[in-house]
Amino acid sequence: MSKDALKLTDKFGRDITYLRLSVTDRCDLRCTYCMAENMVFLPRKDLLSFEELDFLCAAFVERGVRKIRLTGGEPLVRKGLLPFIKLLSRHLDNGALEEITLTTNATQLHRFADELVDAGVKRINVSLDSLDREVFKRLSRRDALEQVLSGIDAGLAAGLKIKINTVALKNGNATEIPAMMEWAHGKGMDITLIEVMPLGDISEDRFDQYLPLTEIRDELDKTYTLTHTALRTGGPARYVKVEETGGILGMITPLTNNFCAGCNRVRVTCTGQIYMCLGQSDRVDLRAAIRSDNPEVALAAAMDKAMINKPKAHDFNIDRKGARPAVLRHMSVTGG
Ligand code: SAM
Ligand code: SF4
C-alpha cells in the first residue's frame, strides 16, 4: 500500500502526525488540579508491556506519526523507560520519526538526563508551577521543589533543551508568573502557560482554580513588551517574544480560545486506549486489538475506527461554581 493510503487522516481532513503516549498513570506528585490526594492507580498487570508499547508505536510510525511524546502520570517513575526509549530511537535513526520527547515533572530527571540524551531525546517539557517551596508543596502536595530544580539543572547540563509548562492557577501561582517567566528566560528556557482544564474529579472546585490567560496577558502587558511571533509548533500554543528578557512565552488557552481546527494528535493511555480528543470521552481499545489473534490487522482496523470517530472539537467549559468535570478521567490517565 502507498504511504498516502496508510496515512492516519480523520474525517475532517486532519492528518495525525503526533502521538502522545502515557506510559503509566502513577506519579510521585499529587498536583491539586490533576489528581486527588488518594488516587487509586491501575493494577500493574493492566498496563501495556514495553513490548506492546513498542508494537503500538511502530504501527503509528508506519502510518505517518512523526513525533512521539511520552507522558503519564510521571513517565520517569516507570521502571525500564530508558531502555524503551532507546528501542524507539531506531525510528529516529532511520528517519521515520522526527522526534521522541517527554513531559516530566523533573523529580527524577537528575537520574536520567544523560541517558535521555544518549537515547536521542533533544528537548523535553518540564511542568513546574511555582518557585516558592511552600507554594510548590501546597500545589503538588509534596515537598519536592529542590529535587525538581536540580533535575532541571541536570537536564540543561546534559544538553537537553527544556521548555517549562506552568498551569495558571487563580489561588496558586497567579502573582508569581512574571518571576517564573524571568527565571525561565534567564536560564535559556521557554515557558508556556496553560489554562486549567476540567478533567477528572479532584478535591477542589475548578472554578476556584481557573485563571483565564487573558487576565495574565493584560497584567504582563503593563510591564513587558510582548511581540507577536509567527512561531507555531503544530500544537495549541500561541507564542510571543518578551522583548525585555529575549525569551519566548507560550499560552495554551483551551477555554478562552478553542484550538481544535489544526489538531494533529491522538493520545494513547498506558492501557492502550486511544483517545481522539483530550476533551471528549470517546475512545477505541487498541489493547484488545494487539492482544487478538491477528494483531496487525486488528490494530490497523482499530486505528481506522479512531480516525472516523475523532471529534471536531472539545467542549470544555468552566463558567460556574460546582460544575461537573467535562471529562471524568484525570489528566494523569490520558497524559497531558
Ligand atoms: N507528570 C508529568 C508532568 O507533570 O509533566 C506528565 C503528565 S502531566 C498530566 C502533563 C501536563 O498536564 C502537566 O504540565 C500538568 O501541569 C498538566 N495538567 C494536569 N492536569 C491538568 C488540568 N486539569 N488542566 C491543565 N493542565 C493539566
Ligand atoms: Fe503528577 Fe504531572 Fe499530574 Fe502533577 S501534573 S500529579 S506531576 S501527573
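Counting starts at 1 for both ligands and their atoms, following the listed order.
Not a single heavy atom of Gly72 sits closer than 4.0 Å to an atom of ligand 2.
Residue-to-ligand polar distances keep Asp129 apart from ligand 1: every N/O pair is separated by 3.5 Å or more. Of the polar atoms of Asn165, none of the N or O atoms is found under 3.5 Å from an N or O of ligand 1, judged by distance alone.
Set against the non-hydrogen atoms of Val196, the atoms of ligand 1 under 4.0 Å away are 24 (N), 25 (C). With ligand atoms numbered from 1 in the order given, ligand 2 contributes 4 (Fe), 5 (S), 6 (S), 7 (S) to contacts under 4.0 Å with heavy atoms of Cys31. Every atom of ligand 1 is numbered from 1 in the order shown, and the set under 4.0 Å from a heavy atom of Asn105 is 2 (C), 3 (C), 5 (O). Of all the atoms in ligand 1, the ones that sit under 4.0 Å from a non-hydrogen atom of Val167 are 16 (O), 26 (N). Of all atoms in ligand 1, listed by their number and element, those nearer than 4.0 Å to a heavy atom of Gly72 are 7 (C), 9 (C). Applying the 4.0 Å criterion to heavy atoms of Ser127 picks out, from ligand 1, the atoms 3 (C), 4 (O), 5 (O), 13 (C), 14 (O). For ligand 1, the atoms closer than 4.0 angstrom to any heavy atom of Thr71 are 6 (C), 7 (C). The distance from ligand 1 to the heavy atoms of Glu195 drops below 4.0 Å at these ligand atoms: 25 (C).
The side chain to side chain donor-acceptor pair (under 3.5 Å) analysis of residues 303-313, with sequence neighbours excluded, yields the pairs Arg63-Asp304.
Considering all non-hydrogen atoms of both residues, Glu176 and Ser130 come closest at OE1-OG, 2.6 Å. For Met35 against Asp25, the heavy-atom pair with the smallest separation is CE-O, 4.0 Å. Pairing each heavy atom of Gly120 with each of Leu92, the nearest pair is O-CD1, 3.7 Å.
Heavy-atom proximity to atom 1 (N) of ligand 1, evaluated over Cys27, Gly73, Cys34, is greatest for Gly73.
No side-chain N or O of Tyr239 forms a donor-acceptor pair with one of Asp190 less than 3.5 Å apart.
Not a single N/O/S atom of Cys34, whether from backbone or side chain, sits less than 2.8 Å from atom 4 (Fe) of ligand 2.
Under the 4.0 Å criterion applied to side-chain N and carboxylate O atoms, Arg66 and Asp15 are not assigned as salt-bridge partners.
Surrounding NZ of Lys11 are more than 12 heavy atoms belonging to other residues, nucleotides or ligands, all under 6.0 Å away.
Tested against Leu76 for a side chain to side chain contact (heavy atoms under 4.5 Å, CB included), the candidates Thr24, Asn105, Leu102 yield a single pass: Leu102.
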### Message
Does Asp132 form a salt bridge (Lys or Arg N to Asp or Glu O under 4.0 Å) with Arg138? I'd like the steps, not just the answer.
### Response
CA-CA 10 Å; Asp132 179 288; Arg138 179 162 65 80; over 6 Å; no
